[in-house]
Every structure is written in structure tokens, then in C-alpha cells.
> 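What follows is a structure written as C-alpha cells; I'll ask about it next.
Residue numbers start from 1 in every chain, and the chains themselves are labelled A, B, ... in the order their sequence lines are given, proteins ahead of strands.
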Protein chains: 2
Amino acid sequence: MILSLTEENYLKSIFHLSDNGQTAVNTNHIANQLNTRASSVTDMLKKLADKSLINYQPYQGVTLTAEGRKKAISIVRRHRLWEVFLVDKLHFGWDEVHDIAEQLEHVQSDALTDRLADFLGNPVADPHGDLIPDKNGEFEQTKFIPVDQMSTGHTGIISGVSEHSVSFLQYLQKHDLVLGKHIALLETTGFDGSVTLLINQSKELTISKEAAKNILVL
Amino acid sequence: MILSLTEENYLKSIFHLSDNGQTAVNTNHIANQLNTRASSVTDMLKKLADKSLINYQPYQGVTLTAEGRKKAISIVRRHRLWEVFLVDKLHFGWDEVHDIAEQLEHVQSDALTDRLADFLGNPVADPHGDLIPDKNGEFEQTKFIPVDQMSTGHTGIISGVSEHSVSFLQYLQKHDLVLGKHIALLETTGFDGSVTLLINQSKELTISKEAAKNILVL
DNA sequence: CAATAAATTTAGACTTGTCTAAAAATATAC
DNA sequence: GTATATTTTTAGACAAGTCTAAATTTATTG
Ligand SMILES: [Mn+2]
Ligand SMILES: [Mn+2]
Ligand SMILES: [Mn+2]
Ligand SMILES: [Mn+2]
């Protein structure tokens, strides 16, 4: 079944808001994420339910069906593959690629997606450390730890971010907190939760708890 | 001004049907090309005229304005660059790329287009020999000759096709009549206009006048 | 558990792009 | 040059997706 661009965006939104399809998602959350109104969401939920892509009981929120989840994952796969392309091949910055990938993700061609993945070397993560599902929709199993949950003295490799705003990405870039960097947690301030890091065994930097929470290490 | 996917397709259609924007285009021609109805076309022509993208006088056909032509050319540029990407980088066949490029051409980002062009080495022609306008909308000046207009004994390099159907492209592929091949015209049959070619100084092949008309040499 | 608050759905309208059928304009033919 | 055929436009309707405002359901709270 072929989906409209709008239907694809709703499915992707539900997928992300439900933490990969586990929990039920509210109408208002979807409206908020898609910058639309609750009434518009209700209308679309009915359509998606008619197509058996979501489980929808009025007033009870929605979950994805197996079919809906499959569709959502394939959109996520396309989005992240294109982000890799934009950064690795076209040399865009990691803060510049999301909006373009939002458009590219809607190009519907399995042959294109698969060849693109091959061309990029079948990457398992995008430029922000987000995992790229494989052709069968499977994510590699990993356990990222947010920096604010690291213990003093422990070390890790920056492997992802859980906040994707342009301003946050530019902030990280400026302080050299990019994917692949080695960090050691020197100290956590009890007062405000800010943490002091040693980056690549050389540079010290103190960041807020808020920032630490959104940097993921392995 | 940002255009909808549909508006982009109408502009592109008018551009192609008017031989790059020179002559006036009829309502019915557009309807035919876009697989829609004349009445739908009339509606859209009014909208495009309101936006100063076309010159439209009821019953008199349309031409592109300078602005409309600029938009159309930028869509053509994106289409052909993506076709190069699909063939050169993702190894699709020249008969497989058009439909995917029809989708990719609508991704709107000048930065993307320019970086893609750089990545591909700023090609001047797509996999079918169609010229790719540069960033400023200029086409390289060339004078293709259709094979049916070559004189006996003359030679040329296959540089383009003027018919893009999948079946014709596959026919050419099968007989090794692809871009870059050297051909010599051995003989033209007066009877039906079919021509006998020598391909790459080695293989002889007779093709119909219809086929010859759609193969372009330099 | 009754009263209020919050979330969700319904009702009705609007935009974009499309269609069929009918009317109007233009082109062609005798 | 009038009749006929073709092309184009108008009129009215429809589907997708959205919105505001009102009604309804669920949640909270004293
Ligand atoms: Mn993204
Ligand atoms: Mn990403
Ligand atoms: Mn093409
Ligand atoms: Mn082409």
C-alpha cells in the first residue's frame, strides 16, 4: 500500500513518541509534534486505523500495528541513511541535515534505499548516533548511557545525542563534543548537577546537567 | 516563493512542451503530458498566472515568464543531477532512473543541489545525454544530430536520445547503442529509411528510421 | 461523588487539486 | 460565410488535509 507524505509523517511521529512503538500515544502529543491541531490528528487517526496501520480506540490514544510499525521504521531508515549521505558524501554539518532529510525520507523506492545503504557502507548509525534499522527493520542492540548518569572517574566514547536541535548540535560542535570523542567524567556538582569532563585526555570542560543528559556515551 | 510539487510539475511540463520556453503551449498538450484533464489544467494555469510564472491569455496557450522559466530550469537541473547520481554512484541502469528522479527533483534545497553537483563533478549531461543547466540556468551549447540525418560515410559519437521510454532505452542497451559509442553510417535504405551502422568500428547493425531519429550524435 | 479541568472528538468550513458535464470560443470545412 | 468540429473554459462536485468553535468524554480534586 502506498502512503501519502502526510500519512508517513503521522506514522513516524507516532513511532518516535511511543518510544519505538511500545506505549500508547496521545492525540495532543502528535498534534504538538507535527505542529497541527488535535482535531486534525483525530481525523487522520481514523484514516490510519481504517488502513490497519494503527490501533485506535477513541479517547484511548494509539499504538502502531505490526504493519504500521514496519512502515514507520522504513521511513526512519530512509531519513537516517540520507543524513549519512549528506554528511559523509556532501560534507554538510550535522546541524544542517535534518530538514533536508525530512524531504528525502519521503522518496519511495526500495531499490533506491537499498542501493543507497550499500553505497554508504551499510552504516548502523546516523550522524547524530541514532541507530539505522536494517532492511528487515532490525536495530542493532546497544545501550547508550547519558553523560549525567556516568559515575565519577568513568570514561566513554560519545556515540549519540538525544536532543537534535540545531542550537544544541552547534553548541556541541563548538566545544568539540562530537561523535567519537573520548570523555572522562571528572566531577559532578551536587548543587546543580553540572559535570566536568576531560575531552580526549586533554581538554577540561564543564557543562550543565541539561546538556549532560542529552549526550550519550558507550 | 515556494512552489507545491504540483506547481513544479506543471512548470516543468510547460518548459519541455515549449521546447525550452520558446513557443506557446496548449492546454490539451499539458493535460496529456501530466495525465490530467484540460479543465484541471485551466485551473492551474490561472494560479500560475496569478503568481507571474506564466503568461496566460484564455484560449491562446501559455508561455513561461522569466521567473517561471528560471523555476522550471532549476527543476530540470535537479532531475538530471539525480539521474547522474543514480547511474554513476548507485549503479542503476539508464532505463531505471527516471521515475525515481521524478520524486527526487522535488526536494527543495539549493545547498543540496549545488553540493550534489560538486559531488558528481558538475556534469554537463545526464545519463541520456540531456544537458544539465548550471547553477545560473545556462545550458552548454551543443548541436546534436539525429542519426537519421547523418550522411552516408560520416561518423559520430552517440551523445543522447530524444525518446526516453524504458523500452527504447532497453533496446539501445541490448544492441550496445549507449552513450559514448562510435558509430559510422554505412547505408541508408531509401525504401523505409532504415539505416545500417558500424558500431565501434566492429559490429554492423541495421535499425529503423524511427530508432535512428531518436539517437543523437556529436 | 459532584464539580471543575483537561483532553479528545464532532460539526462545519476552507484550500488545493482533481473530475464530469455543459457552455463558450476558436478552427475547419464545405 | 455559415455549419460543424475541436479546443478551451466554466460550473458544480469531490477527496485530502487542515482549521475554529462547540460538544463530549475522561481525569482531577475537594
Ligand atoms: Mn534527523
Ligand atoms: Mn539524525
Ligand atoms: Mn528523466
Ligand atoms: Mn534524463
> Spell out protein contact along nucleotides 6-19 of chain C as letters: B when the base is contacted, S when just the sugar-phosphate is, - when no protein heavy atom is under 4.0 Å; keep the 5' to 3' order.
-SBBB-----SBBB
> So that I know where these two stand, are Y171(A) and H175(A) an aromatic pair - ring centroids less than 6.0 Å apart?
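Distance test on ring centres: under 6.0 Å, yes.
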> Could you pull out all residues at least two apart from Q60(A) that satisfy side-chain hydrogen bond (donor to acceptor under 3.5 Å, both in side chains)?
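Not a single residue meets the side-chain hydrogen bond (donor to acceptor under 3.5 Å, both in side chains) criterion with Q60(A).
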> May I ask you to decide if S165(B)'s main-chain N or O and E163(B)'s side chain share a donor-acceptor pair within less than 3.5 Å?
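Side chain of E163(B) to backbone of S165(B), a donor-acceptor pair under 3.5 Å: yes, one is there.
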> Going by side-chain hydrogen bond (donor to acceptor under 3.5 Å, both in side chains), name the residues that satisfy it together with H106(A), two or more places apart in sequence or in a different chain.
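Expected list: E8(A), N9(A).
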> Run the ring-centre check on H164(A) versus H98(A) and record whether the distance is less than 6.0 Å.
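Centroid separation for H164(A) and H98(A): 6.0 Å or greater.
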